[in-house]
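I have placed the structure first, in the form of C-alpha cells, so that the comments after it can refer back to it.
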Amino acid sequence: LEAEMDSAEGSTAVRFLHRELSWLDWNWRVLALAEDPRQKLLERVKYVAIVGANLDEFFQVRVAGLRAQVDAGVTKPASDGRTPREQLAEIRMQVLEQLRVQEAVLHKEILPALAEQRIRLAAWAELDETERKQLQTVFEQQILPVLTPQAVDRAHPFPYVSNLSLNLAVVVGDPSGGESRLARVKVPGLLPRFHALPDGERFLPVEQLIAAHLDALFPGMEIVSNHPFRLTLDAELALDEDDADDLLEAIQSGLQRRLRMNDAVRLEIDRSMSTRVRDLLVAELELEQDEVYVLDGPLGLNNLWAFYALDRPDLKDPAWLPQTPPRLVPSATSPDLFTVIREADVLVHHPYDSFRSSVEAFLTQAATDPD
C-alpha cells in the first residue's frame, strides 16, 4: 500500500507544470522575438527591454514569495514535487541562462546593428576632450544638484536602497594614508538613463557620466574605484484585509515590519566589481551569494525603451490603430451605448478594438447620466 501511495504521489507530481518555471518558459518566448532577425531592429530592442522588465516583476513577486517560504522554514513540496529551496535553485539556473542569451543578442547583434543605423551606445573612455568639457557643464548644472553621496562606516550604517534603483558603489581613500571606505551614490530616477550627445547619434549611460565626476562629490578624497549595482526588493506587503479591524493600522503595522525586515531578493552588479566590494554589499544587504547576478552591463535593460522611443519609424513596425466595433461607430450623433447594449451585447477585444470608443465611452456616458 505504501509503495502504491508513493507511486501515485510521484505520478501526480509529473502531471503538473511548475508555475514559476512555466512563467520563465513564457519569458523565453519573448526573448526569442528579440533574437529573431526578421523583426525590425527597434522592435528587437523593445523585446529585450520587455524581458528585463518581466524579470524585475518576477523577482519582486514570485521569487520574493519563495524566498519568504524558505525564510519561514517551509519544506513541504509543491504540487510538482519541488520544495521552495529546490524551486529557487532551478529558477536561478534558468534566469542565468536567460541573462546570458539576452546579453549575447544585445551586445553581439542588436548594438552593432544599431551602430550601422547611427544609434550608438557610447562609453566615457571614447569621448574626446571637447565632448568631455561639454558634459562637465551638463553634470554641474543638471546632475550634481540632485546627487546625495552616502558614506558607509562605523558611524554611518549602510543606507536604505530603494527598489530597482541604479546606484554606484564608490570606494574612496584618504590621500594621507587612511584606510579606504565605501560610499553609495544613488542615480536619481528623474535623470535620463542614457544622455544624448550633441551629435544626436550617441548615447552615454548616465552612471558613466556621474562616475567621471565623482571627485566633485568627494573633494579631497581619492576615488579608488566605482561600480554600478541595482537592488530588487520584495514588492509584496503581507496584509490580510479581512482580519484587519482597522485597515490604516494594519498598513502602518505592515510598513513597520518591512522597515525591520530585510526584503532584498536580487543584487545585480557589473562584472567589473571587485570581490571585496561584492562581498561587502552582500553582507550589508543580508543577501546570499546565489542572489547575486553578475552582468556585462548596462544594468536595468528595461530602460532600453528609451531607444525604442527614438523617432525612427523605419526601424519599427507600423503603429496599430485600434478599431471601433461597427455597432459603436458614431453617426451624426454619438451612439447611446445603453440602447446599443440593451439590444445585444458588444464583444470588444483589446488592444485590437478601441478602448476609448467602447469602455471609456461607456463609462463617460454612465458618469454623466443623471440616473
Side-chain angles (χ1 to χ4, degrees), residues 48-64 67 95 99 102-103 121 124 139 142-152 156-172 182-195 203-214 216-218 225-237 255 258-273 277-278 280-288 291-307:
V48 171
I50 291 174
V51 168
N54 287 347
L55 286 174
D56 286 347
E57 181 180 349
F58 180 71
F59 273 88
Q60 291 177 86
V61 178
R62 300 194 177 211
V63 172
R67 181 62 63 184
V95 169
L99 293 173
Q102 182 189 33
E103 290 194 325
L121 192 60
W124 178 263
F139 174 82
Q142 302 177 20
I143 299 179
L144 180 59
V146 297
L147 296 181
T148 305
Q150 297 170 299
V152 180
H156 303 86
F158 200 88
Y160 175 78
V161 180
S162 53
N163 189 30
L164 301 180
S165 63
L166 184 63
N167 305 268
L168 288 175
V170 185
V171 180
V172 296
L182 183 70
R184 174 248 186 169
V185 177
K186 178 181 178 179
V187 180
L190 56 88
L191 297 176
R193 180 66 178 81
F194 302 100
H195 184 82
F203 297 84
L204 180 70
V206 67
E207 66 269 24
Q208 292 192 25
L209 179 54
I210 294 173
H213 299 89
L214 286 173
L217 293 171
F218 302 95
S225 64
N226 69 87
H227 314 277
F229 72 92
R230 189 170 181 259
L231 191 67
T232 307
L233 305 180
D234 182 350
E236 291 294 303
L237 175 62
L255 290 174
R258 285 172 64 84
L259 290 175
R260 293 197 303 268
M261 295 170 57
N262 169 44
D263 52 5
V265 294
R266 178 182 60 165
L267 174 64
E268 297 171 276
I269 63 175
D270 188 86
R271 197 171 297 278
S272 67
M273 182 177 287
V277 175
R278 169 179 171 163
L280 182 58
L281 286 177
V282 168
E284 291 287 351
L285 296 169
E286 301 178 17
L287 290 165
E288 302 293 337
E291 293 173 304
V292 180
Y293 291 83
V294 184
L295 306 171
D296 289 325
L299 303 185
L301 292 182
N302 58 307
N303 291 296
L304 290 176
W305 277 105
F307 287 97

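Just so it is clear, the structure is predicted and the values come from calculations on it, not from any experiment. Heavy-atom basis, side chains included; hydrogens, waters and symmetry copies ignored.
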Query raised in the report: Are Val185 and Asn167 close enough, and set up right, to give a side chain to side chain contact (heavy atoms under 4.5 Å, CB included), and what steps lead you there?
Result: CA-CA 6 Å; Val185 177; Asn167 305 268; over 6 Å; no
Report task. Give the intermediate values and the outcome of side chain to side chain contact (heavy atoms under 4.5 Å, CB included) for residues Arg266 and Glu291. Result -> CA-CA 5 Å; Arg266 178 182 60 165; Glu291 293 173 304; 5.8 Å; no
**Report entry** Arg278 and Ile269: CA distance, side-chain angles, deciding distance, side chain to side chain contact (heavy atoms under 4.5 Å, CB included) verdict
**Finding:** CA-CA 8 Å; Arg278 169 179 171 163; Ile269 63 175; 3.8 Å; yes
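Contact detail for Arg184 and Ser162: the closest heavy-atom pair is NH2-N, 4.1 Å. Shown here for Ala264 and Leu287, the closest heavy-atom pair between the two residues is O-CD2, 3.6 Å. Considering every non-hydrogen atom in both Pro192 and Val206, the closest pair reads O-CB, 3.4 Å. Smallest separation of non-hydrogen atoms from Pro298 and Arg193: CB-NH2, 3.6 Å. Residues Val146 and Pro188 share a closest heavy-atom pair of O-CG, 3.4 Å.
Contact of the Tyr160 side chain with the Leu231 side chain is not registered, since no non-hydrogen atoms from C-beta on lie closer than 4.5 Å. The closest side-chain heavy-atom distance from Val294 to Glu268 is not below 4.5 Å. When side chains are defined from C-beta on, Leu281 counts as touching Phe158, because their heavy atoms get closer than 4.5 Å.
Taking Gln102 as the reference, Leu31, Val48, Val51, Leu99, Leu301 meet the side-chain contact (heavy atoms from CB on, under 4.5 Å) condition, with sequence neighbours excluded. Listed by chain and number, the residues in a ring pair (Phe, Tyr, Trp, His ring centres under 6.0 Å) with Phe229 amount to none (sequence neighbours excluded).
Rounding to the nearest 0.5 angstrom, the gap separating the OG1 atom in Thr232 from the CG atom in Leu267 is 8.5 Å. Summarising the geometry, atom CG belonging to Leu299 is positioned 11.5 Å from atom CG belonging to Leu164; distances are rounded to the nearest 0.5 Å. One distance of note links CZ of Phe194 with CH2 of Trp305; it measures 14.0 Å at 0.5 Å rounding. Atoms CG and CD1, from Leu191 and Ile210 in turn, are 6.0 Å apart once rounded to the nearest 0.5 Å. To the nearest 0.5 Å, the span separating CG on Leu166 from CG on Asn303 amounts to 8.0 Å. Atom CD in Glu284 sits 8.0 Å away from atom CG in Leu182 (nearest 0.5 Å).
Without hydrogens or angle criteria, Glu103 side chain to Asp296 main chain gives a donor-acceptor distance under 3.5 Å. Side chain of Gln208 to backbone of Pro205: no donor-acceptor contact under 3.5 angstrom is found. Between the side chain of Asn163 and the main chain of Leu233, a donor-acceptor pair closer than 3.5 Å is present.
Remark: the Thr148 side chain and the Lys186 side chain contain no N/O donor-acceptor pair separated by less than 3.5 Å. If you check the side chains of Asp234 and Gln60, you find no donor sitting under 3.5 Å from an acceptor.
Remark: of the listed residues Val171, Leu214, Val277, Asp270, Leu214 is the sole one forming a side chain to side chain contact (heavy atoms under 4.5 Å, CB included) with Asn226.
With respect to the salt-bridge test (charged N to carboxylate O, under 4.0 angstrom), the residues Arg62 and Glu57 do not qualify. A salt bridge links Asp56 with Arg230; the closest basic N to acidic carboxylate O contact falls under 4.0 Å.
Under the 30°/60° scheme for interplanar angles, the aromatic rings of His213 and Trp124 are found to stand perpendicular.
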